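Everything quoted here is computed from the prediction, not taken from an experiment.
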Amino acid sequence: AKRGAASQSQQSPRPKGRPRKEASAQKESKEAPKAKAPKVPKEVPKEPTPPPPPIPDWCLPVLGLLDVAPEIPQSCRAMISDVLQHSGLQKEVHGRHGYQESFLKDLSESFAKIQALRQEAVDAAEASIADHDIFKTKASSKVEAAKEKADGLRADRDAKHEAVLSAGKAKQAAEAKKISALEHVTNHQADHEQNQVELEQFTKLVTTKFVPLKEFTFPGKNWRVRDKAVHEFAGALPKAGMEDSLKDALLIAFKKRPTDSEKFASQAIEFAEKLVSKHLANLEASINNFDGESISRAATAAAAVEALAAAKKYKDGATDDFIAADNLLLEATTAVDTAVAEEKMQGPKAAELAASLEVGKAQLTVVKSLVDSFETSRAGPSASTVAPAPAEEAAPALAEVASEPVSSAP
């Protein structure tokens, strides 16, 4: 017993605490069974989809009509396409089932309406072109009429413009006359005094200069005094209305007494004497008529004021007439522009209508050709080309849709 205790005491001491995780994990991994990989099912190759059966030729007219007939709803088109191959269209009439014949009859009525609609579209396009030709002619006539009216209004406007210019000139002349008349009234007293001074000067000039010169009383040795007197007298003559040519003639005529052969010098002296006498008489008359001249000048000024007012009124009226005529011309030219624009629009419109007619005719041709082909097939092929078949083959397929009406063209 002691030997046994000694041997046990000699063994290594037992470790304290929990075992390490790594060791326990390794132990569990050794003890756990291995998981099996999932089996992937083998792909079975799909069989290729067989191509759709070819569409029989006798179905093509109906399918073509369905493509060019948007009037038929899509649901009805799909139904017709599905049932078409069971319609017995390829058979003779006596070999079809009653459902088949009813179905084909409904199709025929619908296609007839579609063809009628295409014909109506063509007729409407032709009527539109005819109406457009009439409208185009009217548009051209409207342009010509508008231009003619504008030309007349333009001539009237131009005439009124000339009237305005003429009235403006008349107004300016009236203003000038008014100013002159008022100045005459204002300057009347000064003119009267000036006439008195001028009468006195001319009287003295005639007495001291003209009479000695006319009688040639200046001695020859006093030729300088004579020449001075001639220049003084001739210089005053323009106030009496004498021209420069006569003035020069007097300068020569007063140098010596003219002989019988020198009539021109004598006539020049006589004319100068008459001119001076007339001027003196006018001065005396004007001085003596001071009060009457005052009244006359005042009346002239009043008349000038009235004439200016009338000229202004006339010019204002002419201006108003011109403005009204110009506005009428503006309206007429606007109407011309509008008419020309409408006429120009007829070109593209005519091309549009012609293109629409061509499209309509092309659609009618296509529909008519397809309808004719359909009706030929519906009438039944010849007995020599198609063998008769029992009508009961397509009856079940058509029986499902026989109760549903085929939508016809509106």
Side-chain angles (χ1 to χ4, degrees), residues 64-65 67-73 111-175 308-371 409-410:
L65 285 168
D67 290 338
V68 298
E71 296 87 349
I72 300 177
F111 294 157
K113 291 181 180 180
I114 292 170
Q115 182 176 343
L117 288 175
R118 299 299 180 270
Q119 183 63 53
E120 289 176 3
V122 171
D123 295 341
E126 291 176 346
S128 297
I129 291 176
D131 293 341
H132 178 265
D133 291 339
I134 296 174
F135 185 80
K136 185 177 180 181
T137 303
K138 290 182 179 180
S140 300
S141 301
K142 184 178 179 181
V143 170
E144 295 301 325
K147 287 182 178 179
E148 184 177 356
K149 181 179 179 181
D151 291 340
L153 292 174
R154 184 176 290 104
D156 183 65
R157 190 279 309 268
D158 293 342
K160 285 180 170 55
H161 182 255
E162 292 296 329
V164 170
L165 297 178
S166 177
K169 293 179 181 179
K171 179 185 174 184
Q172 291 178 354
E175 288 177 345
L308 177 59
K312 287 182 177 179
K313 183 177 180 181
Y314 179 78
K315 183 177 182 297
D316 293 341
T319 302
D320 293 339
D321 292 343
F322 168 74
I323 293 174
D326 193 55
N327 289 334
L328 290 176
L329 178 60
L330 178 61
E331 294 177 0
T333 53
T334 303
V336 170
D337 295 339
T338 303
V340 170
E342 291 178 355
E343 185 182 26
K344 288 182 178 179
M345 290 174 60
Q346 304 313 309
K349 183 64 176 179
E352 179 183 348
L353 292 175
S356 177
L357 178 60
E358 292 300 322
V359 171
K361 286 182 176 180
Q363 291 178 350
L364 177 61
T365 301
V366 172
V367 170
K368 189 175 183 302
S369 175
L370 293 172
V371 169

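- The closest donor-acceptor contact from the side chain of Thr365 to the backbone of Lys361 lies under 3.5 Å.
- The shortest heavy-atom contact between Ser128 and Leu353 is O-CD1, 3.7 Å.
- Once rounded to the nearest 0.5 Å, the distance linking CG of Leu153 with NZ of Lys160 reads 9.5 Å.
- Distance check, rounded to the nearest 0.5 Å: CG of Leu308 to NZ of Lys313 gives 14.0 Å.
- Considering all non-hydrogen atoms of both residues, His132 and Ala350 come closest at CE1-CB, 3.4 Å.
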Worked verdict on Ile72 versus Leu65 for side-chain contact (heavy atoms from CB on, under 4.5 Å): CA-CA 10 Å; Ile72 300 177; Leu65 285 168; over 6 Å; no
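- Counting only heavy atoms from C-beta outward, the side chains of Arg118 and Val122 never approach each other to under 4.5 Å.
- Here the CG atom belonging to Asp321 is positioned 13.5 Å from the NE2 atom belonging to His161, to the nearest 0.5 angstrom.
- Smallest separation of non-hydrogen atoms from Leu370 and Gly64: CD1-C, 3.6 Å.
- Atom CD of Glu126 and atom OG of Ser356 lie 11.0 Å apart (nearest 0.5 Å).
- Atoms CG and CZ, on Asp158 and Arg154 in that order, are 7.5 Å from each other to the nearest 0.5 Å.
- Pairing each heavy atom of Ala318 with each of Ala167, the nearest pair is CB-CB, 4.4 Å.
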Show every donor-acceptor pair shorter than 3.5 Å between a side-chain atom in residues 322-335 and any protein atom, with sequence neighbours excluded, or say none if there are none.
unit_1, atom_1, unit_2, atom_2, d
Asp326, OD1, Arg157, NH1, 2.8
Asn327, ND2, Ile323, O, 3.3
Thr333, OG1, Leu329, O, 3.0
Thr333, OG1, Leu330, O, 2.8
Thr334, OG1, Leu330, O, 2.8

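- Within 6.0 Å of CD in Glu148 there are 12 or fewer heavy atoms belonging to other residues, nucleotides or ligands.
- One distance of note links CD of Gln119 with NZ of Lys368; it measures 9.5 Å at 0.5 Å rounding.
- Between Glu342 and Lys138, no side-chain nitrogen of the basic residue sits less than 4.0 Å from a carboxylate oxygen of the acidic one, so the salt-bridge criterion is not met.
- Using a 4.5 Å cut-off on side-chain heavy atoms (C-beta onward), Val340 and Lys344 make contact.
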